[in-house]
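Contents: one structure, followed by commentary.
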Amino acid sequence: MNNIRVRFAPSPTGALHIGGVRTALYNYLLAKKYNGTFILRIEDTDQTRYIEGAEDYIMQSLKWCNILPVEGPGMGGAYGPYRQSERKDLYKKYAIELVTKGRAYYAFDTPEELDAMRLREKEKGNHSPLYNGAIKKSMTNSITLSDQEVKERLESGAPYTIRLNIPSDETVIVNDIIRGEVSFQTNDLDDKIVLKGDGMPTYHLANIVDDHLMKITHVIRGEEWLPSTAHHVLMYRFFGWEDTMPTFAHLPLILKPNGKGKLSKRDGDKLGMPVFPLAWKGKTPEDSFDGFKEHGFDPQAVLNFLAFLGWNPGTEQEIFSLDELVEAFSLDGIGKSGARFDFDKAKWFNEQYISSKNNKTLAVLVKPLLEEKGYNATDDFIETFCGMMKERVTFYKDFADKGYYFFEPVKEYDAKTVKKKWKDEHKNNFNKMIEIILNTDPFDPTTMENKVKEFITENELKFGDLFPLLRVAIAGIVKGPPVFDMIALLGKEEVKQRLEKATEFFENTTQQKV
Ligand code: GLU
């Protein structure tokens, strides 16, 4: 495929939902695969829904995921501007072109007239009347008024909208790469407004005109836009642009983790999982939340996870770098049915990405998170620490949360283990083991482990009687990286202090309980 041009066209109405990132990703992948162009277009014609900071949030999200457009606001490109509000003067002439062709008309109905029509229809049992067919013939518009009346109204500055003139009794076929042929009856389509009273285009007009002018070849977007596509296909026909009409691909819905219904922001709050890429600070606490980033996700893991929400490569392979995704991606691999947002799978991807990173790279990523908690250490220390922890964490923040004892003194000892294991018959052996450890030279895990093992075997002792205590003395808990690795990293002085403090504590607590 040549000269592929795709666009991600979000409206800046708030934080970008993770489904939006998936849409951006699929567009990006198709463009990259065929050496095409990935464009960002900001659809901000509805000023009533405009939210300050949303455009910046969109850009930051794409940056974090490393799926950057090459044309877009602030990036240049031959088809700009890429913000629809900066193109607003351009759309009106297209609306008027449709009127001239008889494919659209001026509508002068007042809000009261529209209400009266709805009431009339309701009384007839028609609860959601569409402005089309017979109804449009009973309203105040350039179909029912004489040319002279229309002229006068326009000249007097009477408020008007421009509506599409949808023909009756026709079938519109939308050819969608994912859904196949989807047909719509025109009697079910309303005469959508394309130009509003304030002279601004609606989404439908601006979207079609821009896709045409920007030479978009594929429209890849969420399934919720499929019904509008019938109008869009008609508009391509009305303008005479059918030959260059883009190929449509409507992506399946992203479903709640239980598979029932569309994933919403509230599911995120309810289930304690992110449904946005980055943190968002809205006007109210309810409208402020953390994203995948703050949760401790690796952006590549997020992309890998998102790629699989609706697409599959047709093989068993699950881990894909961005380049591999580009290689493997095809629109044919996208399914029709909704994709369940399986947070456990997202976590699994994250674990895979974290554990496969080399320790040096991890150290760079983890260091600032440690510093946030006031944990300072040398780069070498952090690197070794990361190596020990990387198989044991799910999120980046877990390094500090789960490995806190590498950076601060043990505050709490696992009481159950102390009670069970700190027995008179073991104390002596425990102290001897400590002595061996502290006298090991070089102070490295293998030497230490060999010496301790020798001591245990020679004296016919049990590992299970001594090791859990050693772990608790060093870290407070029984879980964690191999104990001699921890000891070696903490260093002789620190370990000595920890062991002294711990044995004193063990002794005091067990005595108190007797
Ligand atoms: N502005 C629309 C949105 O917010 C774009 C839909 C499309 O891609 O055509 O999703």
Side-chain angles (χ1 to χ4, degrees), residues 4-31 36-51 53-59 61-62 67 69 71-73 79 81-88 91 174-179 182 192-194 196 200-236 241 244-254 262-265 275-277 280 306 310 331 334:
I4 297 273
R5 289 179 58 81
V6 289
R7 85 302 195 271
F8 176 48
S11 298
T13 54
L16 176 67
H17 188 274
I18 201 71
V21 182
R22 182 193 61 171
T23 303
L25 172 66
Y26 287 7
N27 275 286
Y28 172 92
L29 293 176
L30 190 77
T37 308
F38 173 48
I39 298 155
L40 174 67
R41 185 172 73 221
I42 298 295
E43 302 210 322
D44 57 350
T45 52
D46 189 351
Q47 289 295 321
T48 57
R49 296 182 61 221
Y50 181 83
I51 299 282
E55 184 184 321
D56 188 48
Y57 181 94
I58 291 164
M59 223 23 240
S61 302
L62 298 182
I67 47 173
E71 290 178 27
Y79 300 85
Y82 294 91
R83 228 177 252 121
Q84 287 185 330
S85 58
E86 290 168 18
R87 304 167 64 81
K88 64 172 187 265
Y91 303 111
V174 174
N175 271 307
D176 187 276
I177 263 200
I178 297 166
R179 332 222 123 232
V182 189
K192 280 208 187 305
I193 294 180
V194 288
K196 293 183 282 187
M200 283 290 259
T202 57
Y203 155 74
H204 303 285
L205 179 67
N207 188 271
I208 291 308
V209 167
D210 285 349
D211 281 349
H212 174 70
L213 296 178
M214 294 180 182
K215 298 205 166 57
I216 299 302
T217 56
H218 293 74
V219 167
I220 305 170
R221 63 184 168 197
E223 184 181 272
E224 64 275 24
W225 299 103
L226 184 60
S228 306
T229 311
H231 286 96
H232 299 176
V233 167
L234 281 172
M235 286 164 81
Y236 280 102
W241 297 339
T244 54
M245 185 166 79
T247 301
F248 294 103
H250 286 91
L251 306 177
L253 287 179
I254 299 183
K262 204 171 141 183
L263 179 75
S264 71
K265 176 179 176 294
V275 293
F276 293 89
W280 170 260
L306 288 181
L331 292 174
I334 301 174

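Counting starts at 1 for both ligands and their atoms, in listed order.
- Residues L331 and H218 form a side-chain contact, since some pair of their non-hydrogen atoms from C-beta on lies under 4.5 Å apart.
- Below 30°, between 30° and 60°, or above 60°: for W241 and H212 the angle between ring planes is below 30°, a parallel geometry.
- The aromatic rings of F276 and H17 stand perpendicular to each other, their planes meeting at an angle above 60°, with 30° marking the opposite boundary.
- Of the possible polar contacts, one joining the N27 side chain to the I220 backbone as a donor-acceptor pair under 3.5 Å is found.
- In this structure, atom 2 (C) of ligand 1 lies nearest to the protein heavy atom A9 O, 3.3 Å.
- Interface of E43 with ligand 1, defined as ligand atoms under 4.0 Å from a residue heavy atom, comprises 1 (N), 2 (C), 5 (C).
- In this structure, R5 forms a cation-pi arrangement with Y79, its terminal cationic atom sitting closer than 6.0 Å to the ring centre and no more than 45° off the ring axis.
- At a heavy-atom cutoff of 4.0 Å, ligand 1 is contacted by the side chain of W225 but not by its backbone.
- At the shortest separation from atom 7 (C) of ligand 1 among protein heavy atoms lies R221 CD, 3.4 Å.
- Residue N207 touches ligand 1 through its side chain alone, judged by heavy-atom distances below 4.0 Å.
- Taking only nitrogen or oxygen atoms, main chain and side chain alike, P10 does not reach within less than 3.5 Å of ligand 1.
- By the 4.0 Å heavy-atom criterion, R7 is counted among the residues contacting ligand 1.
- By the 4.0 Å N-to-carboxylate-O rule, E224 lies too far from K262 to be salt-bridged with it.
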